[in-house]
Every structure is written in structure tokens, then in C-alpha cells.
**Q** 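Here you go, one structure.
On a predicted model such as this, the values are computed, not experimentally measured, just so you know. Starting from 1, each residue takes its place in the sequence as its number.
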Amino acid sequence: MSAPHSEPPRPSPGTVYGRGGVDVRESAPRRSLHPSVAGLAVAASLVAVLTVGYAAWRSTAGSPTAGAATPTAAVTTEAAAAAASPSETPSPTPTVATFGTGRWVFAPGDDPEKRLTVNGDYAYWSATDQTALTVVAGLSDDSCFSFQAEDGRYMRHFDYRLRFDDNDGSDLFQQDATFCPDGGLTADAVRLHSTNYPEYYLHRRDNDLYIDKPSGDDFAAESTFRAQEAP
């Protein structure tokens, strides 16, 4: 006969098994906080969070720390003035017209009431008449200038005096009728010397025009002319 089947022992009524067979009866009972204490804890946590957030915001808001140089300390007076009126822009410096080829009316630098004109065959300074001269590239040197009257004649020096003659095509005429700038030229300062007599400058003698060597205190004023573009 087979041995009688024995049943496994049954747990005692007071034993409670958890996961893994651990007796959880001896675990400390969970205690819940009183509602008023829990509320105080939440409020304290919120205050702490707000304090930290405010401090972080202040640190990134550009508030300078003690001893730190502020950006405005380096701003100069001119920069501050410009920032105060950003819409104001400096006026551009007026430019002076540069003398060159074209049609021009000439006046002595020391006598603005007079104008250059043609009196018969000669260049002449008049208080009542004027002649617009056409300035072209120099007949013997295209880096210089030649001056042509309205009738086509060219201004040239002959026996040192300036007169107007037809171009005969000779090398001598083309050199006599070519004048080169001395330094920078503007409409208010035209100063020219002869291309074949480079030490001689266009020079006003009273109402006549010559080429002369510099001499005397008044020579610079008498050999500087002002040019106005003709309409």
C-alpha cells in the first residue's frame, strides 16, 4: 500500500506573506502628516523656489555687481551726444569744383569784378565784357590745357603777351598755345605755366595778360585765377 498522502502545513492565521515571502507585519506603519503641517511644507518649498528664481532673474537682468564697471562708464561725450539724437547726421562737407576741360569764364584772383575777354587779337580783363573760353586738352601735351575762343582761335603767348590766333599746325604754335597746371587745381585756384617756358606763368598786368617769371609779393595773387563754368 502506498503511504498516506500528507498535506503541507498551513500557515498560521496571523502570518502575512508579501512578495518574496517577507513578513511585512514588522514594517513601521506609514504615518500621514497633519494637513496643516503639510500645507506649511508646501508653502515653504514654493517660497524657496521663488527666491532662487528671482535671484537668477536678477543675475541675468544686467544688474551690475559691486565694483564692476558699467558699460555707460566708457561712453564718450561725442558718443553720448550722438546717441541722444540718432536722427541727426553731420552735414556733408561741400566739395569744390575741379577745373578741367569744358567752357569756363575767368576772373582774376585778386580782382573778382573783372572777366577775361577778347579785345581784338589780345586777351584782356574787362569790368563789363566777358568771353567764355572752351578749355581742351593741350595741343602739345594732353595732360595740360589749351584755350579756344568762340571764333575758334587759340590763346597763345607771342612776345610774352597772350593773344588769340588761328592754329597753323606748327609745333611752335602748339607749344605756345599749351599751358600746364601748377599743383592742384580747383575752380577758385587756377594757376598755369607755359609748356615751352615752364618757369613762366600766366600773369595779369593791370588789364593785360602775359607769361612772366615769379617776382614780387603780389605775383602769386596776380597769377591765380578763378573759373566759373559757363552755361
**Q** Thr195 and Thr178: side-chain donor and acceptor closer than 3.5 Å?
**A**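 Short answer, no.
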
**Q** For Pro108 and Lys114, which heavy atoms make the closest approach, and how far apart are they?
**A**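 Distance-wise, the nearest heavy atoms are CD-O, 3.4 Å.
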
**Q** Would Val105 end up clustered with Phe164 when hydrophobic side chains under 4.5 Å apart are linked, directly or stepwise?
**A**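 No, separate clusters.
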
**Q** Applying side chain to side chain donor-acceptor pair (under 3.5 Å), can you list everything that pairs with Tyr200, at least two apart in sequence or on another chain?
**A**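 Scan of Tyr200 (side chain to side chain donor-acceptor pair (under 3.5 Å), adjacent residues dropped) gives none.
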
**Q** Could you check whether atom CZ of Phe219 has more than 12 heavy atoms from other residues, nucleotides or ligands sitting under 6.0 Å from it?
**A**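 Atom CZ in Phe219 is crowded, with more than 12 foreign heavy atoms closer than 6.0 Å.
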
**Q** What heavy-atom pair brings Leu185 and Val190 nearest, and what distance separates the two atoms?
**A**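 Shortest heavy-atom separation between Leu185 and Val190 comes out as CD2-CA, 3.7 Å.
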
**Q** Counting only heavy atoms not in Gln228, do more than 12 fall under 6.0 Å of its CD?
**A**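 Check fails, neighbour count at 12 or below.
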
**Q** Just to verify, what does Thr224 make a side chain to side chain donor-acceptor pair (under 3.5 Å) with, not counting sequence neighbours?
**A**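 Checked Thr224 against side chain to side chain donor-acceptor pair (under 3.5 Å); zero matches.
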
**Q** Between atom CG of Asp166 and atom OH of Tyr154, what is the distance when rounded to the nearest 0.5 Å?
**A**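 Separation between the atoms: 10.5 Å.
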
**Q** Just how far is it from atom CG of Asp111 to atom CG of Asn207, taken to the nearest 0.5 Å?
**A**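 If we round to the nearest 0.5 Å, Asp111:CG and Asn207:CG are 8.5 Å apart.
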
**Q** Drop me the distance from Leu209's CG to Phe106's CZ, to the nearest 0.5 angstrom.
**A**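 That separation rounds to 10.5 Å.
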
**Q** Between Arg115 (side chain) and Pro112 (backbone), is there a donor-acceptor pair under 3.5 Å?
**A**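 It does hold such a pair.
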
**Q** Report yes or no: do Ser170 and Asp168 form a side-chain donor-acceptor pair below 3.5 Å?
**A**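 Side chains of Ser170 and Asp168: pair found under 3.5 Å.
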
**Q** Looking at Ser223 and Tyr201, what are the two nearest heavy atoms and their distance?
**A**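 For Ser223 and Tyr201, the tightest heavy-atom pair comes out as CB-CB, 4.4 Å.
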
**Q** Measure across Leu139 and Gln174 and return the closest heavy-atom pair with its distance rounded to 0.1 Å.
**A**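 That closest heavy-atom pairing would be O-OE1, 3.6 Å.
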
**Q** Supply the atom-to-atom distance Ser215 OG to Glu222 CD, rounded to the nearest 0.5 angstrom.
**A**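 Atom-to-atom, Ser215:OG and Glu222:CD are 8.5 Å apart.
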
**Q** In Å, rounded to the nearest 0.5 Å, how long is the span from CG of Asp212 to NE2 of His203?
**A**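 Rounded to the nearest 0.5 Å, the CG-NE2 separation comes to 5.5 Å.
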
**Q** Of the non-hydrogen atoms in Thr128 and Ser126, which two are nearest, and what is the gap between them?
**A**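 Looking at all heavy atoms of both residues, the shortest contact is N-OG, 3.0 Å.
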
**Q** Between Leu162 and Phe147, is the side-chain contact (heavy atoms from CB on, under 4.5 Å) condition met? List the steps.
**A** CA-CA 11 Å; Leu162 273 297; Phe147 300 81; over 6 Å; no

**Q** Under 4.5 Å between side-chain heavy atoms, counting indirect links through other Ile/Leu/Val/Met/Phe/Trp/Tyr residues: same cluster for Ile211 and Leu172 or not?
**A**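 No, Ile211 does not connect to Leu172 through the hydrophobic network.
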
**Q** Of all heavy-atom pairs between Arg156 and Phe179, which one has the smallest distance, and what is that distance?
**A**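 Closest pair (atom of Arg156, atom of Phe179, distance): CA-CZ, 4.4 Å.
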
**Q** Kindly write out the residues that satisfy side-chain contact (heavy atoms from CB on, under 4.5 Å) with Arg161, not counting sequence neighbours, or none if the list is empty.
**A**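 Testing Arg161 for side-chain contact (heavy atoms from CB on, under 4.5 Å), a comparison that skips the adjacent residues, returns Tyr122, Asp208, Tyr210.
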
**Q** Would you say Asp171 has more than 12 foreign heavy atoms packed within less than 6.0 Å of its CG?
**A**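 For Asp171, atom CG is not crowded (no more than 12 foreign heavy atoms under 6.0 Å).
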
**Q** Nearest 0.5 Å please: distance from the CZ atom of Arg103 over to the OG1 atom of Thr131.
**A**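 Here the interatomic distance stands at 10.0 Å.
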
**Q** Give the intermediate values and the outcome of side-chain contact (heavy atoms from CB on, under 4.5 Å) for residues Trp104 and Glu229.
**A** CA-CA 4 Å; Trp104 298 85; Glu229 288 184 283; 3.4 Å; yes

